[in-house]
2 protein chains.
Amino acid sequence: MALPVASGPSSTKDLILEVALKRFGDHGYAGTSLNDIADEVGIRRPSLLHHFPSKEALYRAVLFASFADWTLLVEQATAGTRQGWPQVERMLRAAFTFFEDHPEFVRLVRWEALEGGPILRDELSLLLRPLFDRGADFLEREMDAGRLRRYDARQLLLTGYGAVLSYLSDGQLMSGLLDLDPLSPAALAKRREHVIDVMRTAVAL
Amino acid sequence: MALPVASGPSSTKDLILEVALKRFGDHGYAGTSLNDIADEVGIRRPSLLHHFPSKEALYRAVLFASFADWTLLVEQATAGTRQGWPQVERMLRAAFTFFEDHPEFVRLVRWEALEGGPILRDELSLLLRPLFDRGADFLEREMDAGRLRRYDARQLLLTGYGAVLSYLSDGQLMSGLLDLDPLSPAALAKRREHVIDVMRTAVAL
DNA sequence: ACACGCATCTACCGACTGGTCGGTAGTACC
DNA sequence: GGTACTACCGACCAGTCGGTAGATGCGTGT
């Protein structure tokens, strides 16, 4: 009985998903061809289409698989009964760590948010909305209890979303504006602590 | 001598630029075909290629024209000698108004930041960097003078960038998470005041 | 030994891509 | 009345796209 290794996709299908996630994340849906993916997997395009019936089906599978990971992390990070700023910081740190470990996911989400195709509008929103509402409810509860400074809870969530994801998704732009590699561990740590610092000053009491 | 009307492109070339900006902003470089643009302009593709020698040349022209507008706005908003938070708020409001008026520009920048093609890396960064440095210098000066709370100035700029642009670029995602049209005047005003509110709390003294 | 099913292949399709070619109106200048 | 120029067009090019059809090989169960 072999140990399941985190980074070792055994089946061809898993390998396709892994490669597709990278390619879609790097170049978006329109900018990625099935040949690109198949070549990197080491098979021909028809073989790829044997595992997934169409390009859109593959893209959908990649998107939902990634999103499931994200949902799982949110569940873990929001378990427990912590309150006020400590819980906000806990969530921020968990999100940051997750995004650092899944940079392709961040970029995939950004492509999807930008393109705004039917998948996002009709299906992904339905999955995202509960998480968003839960976060907003938490913030509102804590604001009511006087443990956080009062803002519009939903707007605050979007501000955090933008502050964290923009940095991680816009790599080329960042490396043109900053002096060191924006995705290096040092730069990521700096970014993380800065966002937490700003948010703490803005919302903690 | 005719009055130059802001929204009236007289020549075919200007019309092409206008349509191309919209298409590239909506679907990105790879997701836009020259036929799409030519059809909307009302000419055939060869005629379009008579005005611009290639797709990339057209894209480049669109990008630099938009960027020139943005540079101009920054110049205007930073003229004068205002200090501390009032100047930060002034810049924030100017930027927000500009982005509201040029939604295609916001999305174009986001596509470019995400795709990270050679244009961004080799040329756009050179134009963006001075603006970025100037902003960072201003913030550092004001922090040194004790008129703003101390942060890493460059990180703070990036935080503002993400907070403002993410909302405006990710329209479909926002409309799935918020209840009213995220680009309606009411929603935009709400977003603007929220971002300013958070930033004021975070940096004003 | 044989049949079955899965994974993969080669070969091909129609649609579309960015780009080129030759040609044709209309117009301005000399 | 030439001549030259701009703006446009239809036809065509080679290449790529996503997707399909049919054959081959290979492992397994009977």
Please name all residues satisfying ring pair (Phe, Tyr, Trp, His ring centres under 6.0 Å) with A:Phe96, sequence neighbours left out, ordered by chain then number.
none
Would you mind building the protein contact string for nucleotides 18-25 of chain C? One character per nucleotide, 5' to 3', B for base within reach (heavy atoms under 4.0 Å), S for sugar-phosphate only, - for untouched.
BBB-----
To the nearest Å, give me how far apart NE2 (B:His51) and C1' (D:dC5) are.
14 Å
Rounded to the nearest Å, what distance is computed from the CG atom of residue A:Leu15 to the C1' atom of nucleotide C:dA7?
14 Å
Between B:Asp36 (CG) and C:dA15 (C1'), how many Å, whole number?
14 Å
Does atom CZ (A:Arg44) have a neighbourhood of more than 12 heavy atoms from anything else shown, all under 6.0 Å?
no
Rounding to an integer number of Å, can you tell me how far B:Ile43 CD1 sits from D:dC9 P?
6 Å
For a 4.5 angstrom cut-off between non-hydrogen side-chain atoms, does B:Phe52 reach B:Arg60?
no
Considering only D:dG10, C:dT8, C:dT10, which nucleotide approaches the side chain of A:Thr12 most closely?
C:dT8
Salt bridge (Lys or Arg N to Asp or Glu O under 4.0 Å) pairs touching residues 156-174 of chain B, sequence neighbours excluded, are A:Arg110-B:Asp170
How are the rings of A:His194 and B:Tyr151 set relative to one another: parallel (under 30°), tilted (30 to 60°) or perpendicular (over 60°)?
perpendicular
Measure CG/A:Leu48 against C1'/C:dA7 and give the value in whole Å, please.
12 Å
So, does B:Ser47 get its side chain near the phosphate of D:dC9, meaning an N or O under 4.0 Å from OP1 or OP2?
yes
The single option from A:His27, A:Glu104, A:Glu40 passing side-chain hydrogen bond (donor to acceptor under 3.5 Å, both in side chains) against A:Lys22
A:Glu40
What is the distance, to the nearest angstrom, from the CG atom on A:Asp14 to the P atom on C:dA7?
12 Å
Indicate whether OP1 or OP2 belonging to D:dC9 is found under 4.0 Å from a side-chain N or O atom of B:His50.
no
